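Structure, as C-alpha cells:
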Amino acid sequence: MATPTIAYRKGYYHEVKAGKRYLWCSCGLSKTQPFCDGAHAGTEFLPVLFKAKEDEDVIFCGCKHTGTPPFCDGAHSNLPGGYQNDDPDSPENRAIPTLTPDAGPTLMLDNDCYVFSPTRATMERSGVLAWCPTISPAQGALHQSQFYAEVQVGSAPVISADDRHTVLFVVDGEGEVEIGERRFPVTQKSGLYVRPSEAYRIHNPGPEPMRLFISNGPGSEDLVFLDEMPPTFEAEFPDRRADVDPSQRQAMAERSFQILVNREHGSTMVTQFIGNIPVSKAEPHRHLYEETLIFLRGEGVVWTETRKAEVRAGDVMFLPRKQLHSVQSVSDGGLDVVGIIYPGDNPSINY
Ligand code: FES
C-alpha cells in the first residue's frame, strides 16, 4: 500500500451544507486541501465522496492517515515526528500575560473560557453533602454543567439525574453510589454513569470525606434533590462504573488517555476520560465539543489567545466549543487530568 502525503498535521474545520457533495483528497497532493483537485492521477489513491445530510461543522482529515475518512479521528497525533508542541518561551508567548487570581473562584480567560478553583468557592450544604457549581449555563456553558462535591461520613441526599446524562468522578475517598435498586462500590479515580431517568445517592462509610465531581449534560444550574430514592435502574445498561486500567490507555504521541465513561456504559452524549500530559505545551488547537478539564495531579499553565493562567490539582478549566487553547504541563511526572466532553466521544480529534 502506498503511503499518502501528509498535507497538514491536523484536521481542517469546514461548515458543510445539506445536500452538497464533497470530494475529499486522500492522496495529500491536492493544492485545494482538504478537497480533491485531480492530483491523485497516476497514483493508487482515489478521492472519497461525502454527501452532507445536514448543515453542520465537520473536521476533515488533513494528515490523510485517518481510519475514518474523510474525517479526522485523531491519528495525526501519532504520526512520525510526534505530537505538535509549542514553545512557551517564544517571543509571542512571552508577551501573553499570566492572570492573577483574586478572592473569587473564577479566573476568566478569553471568550467564555475560564479556570475555576473550588477551594475559593462558597459551598452549599444539605446533610453530609456540600457542593458548588463549577461549570454552569449561567457561566456560558451550552451543553454541560459540573458540580464539585464533598461527602462527609454518612449518606448524602438523593439526587435526581433530572433527564440528563450524569457522570461522576471520585477524586478522593471510597464508598458506594446507589442508583435505584443497585449499589456500586467506588474508590479514588472511579468514574460512574447515571442514566437520565434515574436518581443516585452517595454513601460514605468513612472515616475520610469523599471528594468528587458531578458532570451532567445537557447542563443544569443546580442539583435536583428528591425525598426518596425511586426504584428506577435501567437494567439494559448494567455496567456503570469505570476504573483506571493501564491496558486501556491510548497513546497520543508522548501523551496518553483512557476513556472511562462512554457509550459502552450507555452514555451517548457525555464522554469522560483520564489522561497524562508530560512536561510540554501543546500547539494551540480547537475542538468541536465543549470540554471540562479537572486537574488531578501536578501543575500547569492553560493558554487562550491573549491570556494564560496557572493551574494545579483541584482546579477545573471550562472550554467552549471551538475555543483556541493549549495546556502546558510543568510538573515532573506530568499533569494528570480528567476530561468531560459533550457532545463527542473522541478527545483526540482537533483542528
Ligand atoms: S488530521 Fe488526519 S486524523 Fe486528524
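Counting starts at 1 for both ligands and their atoms, in listed order. Just so you know, these numbers come straight off a predicted model, no measurement behind them.
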>> With a 6.0 Å cut-off (strictly less than), is the heavy-atom count around CD of Q139, excluding the residue itself, greater than 12?
In response: yes
>> So for atom CG, which belongs to D332, do other residues, nucleotides or ligands contribute more than 12 heavy atoms lying within a distance under 6.0 Å?
In response: no
What atoms in ligand 1 come closer than 4.0 Å to a heavy atom of [X]?
| X | answer |
| --- | --- |
| G74 | 3 (S), 4 (Fe) |
| G62 | 1 (S), 2 (Fe) |
| K10 | 1 (S) |
| C61 | 1 (S), 2 (Fe), 3 (S) |
| G11 | 1 (S) |

> Who's the nearest protein heavy-atom neighbour of atom 4 (Fe) of ligand 1, and how far?
Replying inline: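 Going by distance alone, atom 4 (Fe) of ligand 1 is nearest to H76 ND1, 2.2 Å.
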Taking the six-membered ring for Trp, are [X] and [Y] closer than 6.0 Å centroid to centroid?
| X | Y | result |
| --- | --- | --- |
| H325 | H285 | yes |
| H287 | Y289 | yes |
| F71 | F50 | yes |

> With the threshold set at 4.0 Å, does a side-chain nitrogen-carboxylate oxygen contact exist between R321 and D57?
Replying inline: yes
> Does D89 come within less than 4.0 Å of R94, counting only side-chain N to carboxylate O?
Replying inline: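 Answer for the salt bridge query: yes.
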>> Within 2.8 Å of atom 2 (Fe) of ligand 1, is there any N, O or S atom belonging to C72?
In response: no
>> Does only the side chain of D73 get under 4.0 Å from ligand 1, or the backbone, or both, or neither? Count heavy atoms.
In response: both
>> Does only the side chain of R9 get under 4.0 Å from ligand 1, or the backbone, or both, or neither? Count heavy atoms.
In response: neither
